[in-house]
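Heads up, the thing below is written out as structure tokens.
As the structure is a prediction and not an experimental result, all values here were calculated from the model.
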Amino acid sequence: MDTKLTAERRSDAGKGVARKLRAAGKIPAVLYGQGLETTPLTVDSRELSHLLHGSAGSNVLVDLMVDGEEHLAIPREIQRDHIHSKFVHVDFLAVSRTETITVNVPVHETGDAAGVKEGGVVEHHLREVQIECLPQDVPDEIVVDITDVELGDMVHVSDLVAPEGVTILTSPEDAVLSVVTPAALRVEADLSVPGEEGVEVPVAEVEEGAEAAVEGEAPAEDAEAPAESEGGEG
């Protein structure tokens, strides 16, 4: 589903101009692609925020109206002020409904992994994958069911099922997620490896140490410690 957004051309540029636009509730933007000359624009900040916070996020298909002319576009190079949770700039790529585009979409898992019920945790390796499709076929996300993923199992890109008309370009061998033993448990397991509990001390050495203690010979490590600081009163 397309979303309409009205934009206005702008002739001025520079940081000072951009600050004034944002103060007035406008966001600097640019339209390019499909044989168009790069066109500086401004869009309403509230409309842009509503547009990009929808389910499709940055992959939303936009009917961008510029001076009464409609351009099918998709947002690109979105810049945000994360401190104030505001958009500061956005590029719009003009596209055609008959030509494929390449975009990244998020991967979302559903279900409770069998390995998690066994005490494991889900470890993510890829949060999104690159796809190719027509603009109107861009999915909001690629969904993978992890219900049957057991402890030690890994989900690869090759395990993902793309919607009709969508081709996943990310390497099929790349790992998406895995179910592993929590790090703390792995450390405990490493510390309890058989044969590594400690170094065995020969009985003879133990007896010699006991005899030295009886005769008043202090072990080397128990010798008198030096003064705590070198700059004490003298």
Side-chain angles (χ1 to χ4, degrees), residues 1-110 126-144 160-170:
M1 180 179 179
D2 303 352
T3 302
K4 292 187 180 296
L5 180 66
T6 301
E8 298 177 355
R9 293 179 183 268
R10 59 183 170 93
S11 56
D12 297 332
K15 293 183 178 179
V17 173
R19 282 195 295 266
K20 291 180 180 178
L21 287 172
R22 296 184 192 108
K26 300 290 185 180
I27 302 299
V30 166
L31 174 64
Y32 68 98
Q34 287 293 315
L36 296 173
E37 293 186 4
T38 301
T39 306
L41 306 169
T42 63
V43 294
D44 183 84
S45 61
R46 287 177 298 181
E47 292 184 8
L48 180 67
S49 179
H50 178 73
L51 178 76
L52 297 181
H53 283 148
S55 59
S58 61
N59 289 325
V60 62
L61 201 57
V62 183
D63 285 326
L64 194 63
M65 302 296 297
V66 182
D67 295 340
E69 186 177 356
E70 185 176 299
H71 300 274
L72 186 65
I74 193 168
R76 281 293 171 266
E77 300 299 328
I78 302 169
Q79 298 178 23
R80 295 177 173 88
D81 177 353
H82 292 286
I83 296 177
H84 300 95
S85 299
K86 294 181 179 179
F87 294 100
V88 297
H89 190 278
V90 60
D91 291 353
F92 287 99
L93 172 64
V95 297
S96 169
R97 293 186 184 277
T98 59
E99 296 182 14
T100 60
I101 59 174
T102 300
V103 297
N104 291 336
V105 297
V107 176
H108 176 70
E109 70 266 16
T110 62
L126 280 182
R127 291 288 187 176
E128 59 182 22
V129 292
Q130 188 178 65
I131 67 168
E132 181 182 59
C133 63
L134 295 173
Q136 59 270 25
D137 292 335
V138 175
D140 296 345
E141 58 190 10
I142 301 291
V143 179
V144 55
L160 302 180
V161 179
E164 185 176 356
V166 175
T167 300
I168 299 178
L169 302 180
T170 302

Query - side chain to side chain contact (heavy atoms under 4.5 Å, CB included) partner of Cys133, chosen from Thr167, Val166, Thr100 - result: Val166
Report task. Could you tell me the separation between the CD atom of Glu141 and the CD atom of Glu109, rounded to the nearest 0.5 Å? Result -> 10.0 Å
Report summary line: In Asp91, Val90, Leu64, the residue satisfying side chain to side chain contact (heavy atoms under 4.5 Å, CB included) with Leu41 is Leu64
Query raised in the report: Nearest 0.5 Å, what's the NZ-CD1 distance between Lys86 and Ile27?
Result: 8.5 Å
Query raised in the report: Do Asp140 and Asn59 come within less than 4.5 Å of each other through their side chains, counting heavy atoms only?
Result: no
Query raised in the report: Among all residues two or more places apart in sequence or in another chain, which pass the side chain to side chain donor-acceptor pair (under 3.5 Å) test with Glu132?
Result: none
Query raised in the report: So, for Ala162 and Ile142, which heavy atoms are closest and what is the spacing to 0.1 Å?
Result: CA-CD1, 4.5 Å
Report summary line: Smallest heavy-atom separation, Gly33 atom then Leu93 atom, equals CA-CD1, 4.1 Å
Query raised in the report: Can you tell me how far the OG1 atom of Thr170 sits from the CG atom of Leu160, to the nearest 0.5 Å?
Result: 8.5 Å
Query raised in the report: With a 4.5 Å limit on heavy-atom distance, are the side chains of Val138 and Leu61 in contact?
Result: no
**Report entry** Shortest non-hydrogen contact from Ile101 toward Pro135
**Finding:** CD1-CA, 3.9 Å
Query raised in the report: Roughly how far apart are Ile78 CD1 and Leu52 CG, rounded to 0.5 Å?
Result: 4.5 Å
Report summary line: Sorted by chain and residue number, the side chain to side chain donor-acceptor pair (under 3.5 Å) partners of Arg80 (sequence neighbours excluded) come out as none
Query - Full working for side chain to side chain contact (heavy atoms under 4.5 Å, CB included) between Glu164 and Asp137 - result: CA-CA 8 Å; Glu164 185 176 356; Asp137 292 335; over 6 Å; no
Report summary line: Residue set satisfying side chain to side chain donor-acceptor pair (under 3.5 Å) with Thr38, at least two apart, ordered chain then number -> none
Report task. To the nearest 0.5 angstrom, please state how far the CD atom of Glu128 sits from the CG atom of Leu126. Result -> 8.5 Å
Query raised in the report: Does Thr110 use its side chain to pair, donor to acceptor, with the backbone of His108 at less than 3.5 Å?
Result: no
Query - side chain to side chain contact (heavy atoms under 4.5 Å, CB included) partner of Glu8, the single match among Val66, Val43, Thr42, Asp44 - result: Thr42
Query - Any donor-acceptor N/O pair, Arg97 side chain to Gln136 backbone, under 3.5 Å - result: no
Query raised in the report: Can you name the side chain to side chain contact (heavy atoms under 4.5 Å, CB included) partners of Pro40, sequence neighbours left out?
Result: Arg10
**Report entry** Under the salt bridge (charged side-chain N to carboxylate O under 4.0 Å, His left out) test, residues paired with Glu70 that sit two or more places apart
**Finding:** Lys4
Query - Flag, side chain of Thr3 to backbone of Val62, donor-acceptor distance under 3.5 Å - result: no
Query raised in the report: So, the side chain of Asp67 versus the backbone of Glu69: is there a donor-acceptor pair under 3.5 Å, distance only?
Result: no
**Report entry** Atom of Ser49, atom of Phe87 and distance for their closest heavy-atom approach
**Finding:** CA-CE1, 3.8 Å
Report task. Decide side chain to side chain contact (heavy atoms under 4.5 Å, CB included) for His71 and Leu36; before the verdict, give the C-alpha distance in whole Å, the side-chain angles of both, and the deciding distance to 0.1 Å. Result -> CA-CA 10 Å; His71 300 274; Leu36 296 173; 3.9 Å; yes
Requested in this report: Taking the side chain as every heavy atom from C-beta outward, state whether Leu5 and Asp63 have any pair of such atoms under 4.5 Å apart.
Outcome: no
**Report entry** Spacing of CZ belonging to Arg127 relative to CG belonging to Asn104, to within rounding of 0.5 Å
**Finding:** 15.0 Å
Query raised in the report: What are the two closest non-hydrogen atoms of Thr39 and Arg9, and how far apart are they?
Result: CG2-NH1, 3.2 Å
Report task. For Ser96, check side chain to side chain donor-acceptor pair (under 3.5 Å) against everything at least two apart and list the hits. Result -> Thr98
Report task. Output, in order, the C-alpha distance, side-chain angles, deciding distance and verdict of side chain to side chain contact (heavy atoms under 4.5 Å, CB included) for Val144 and Val107. Result -> CA-CA 7 Å; Val144 55; Val107 176; 4.0 Å; yes
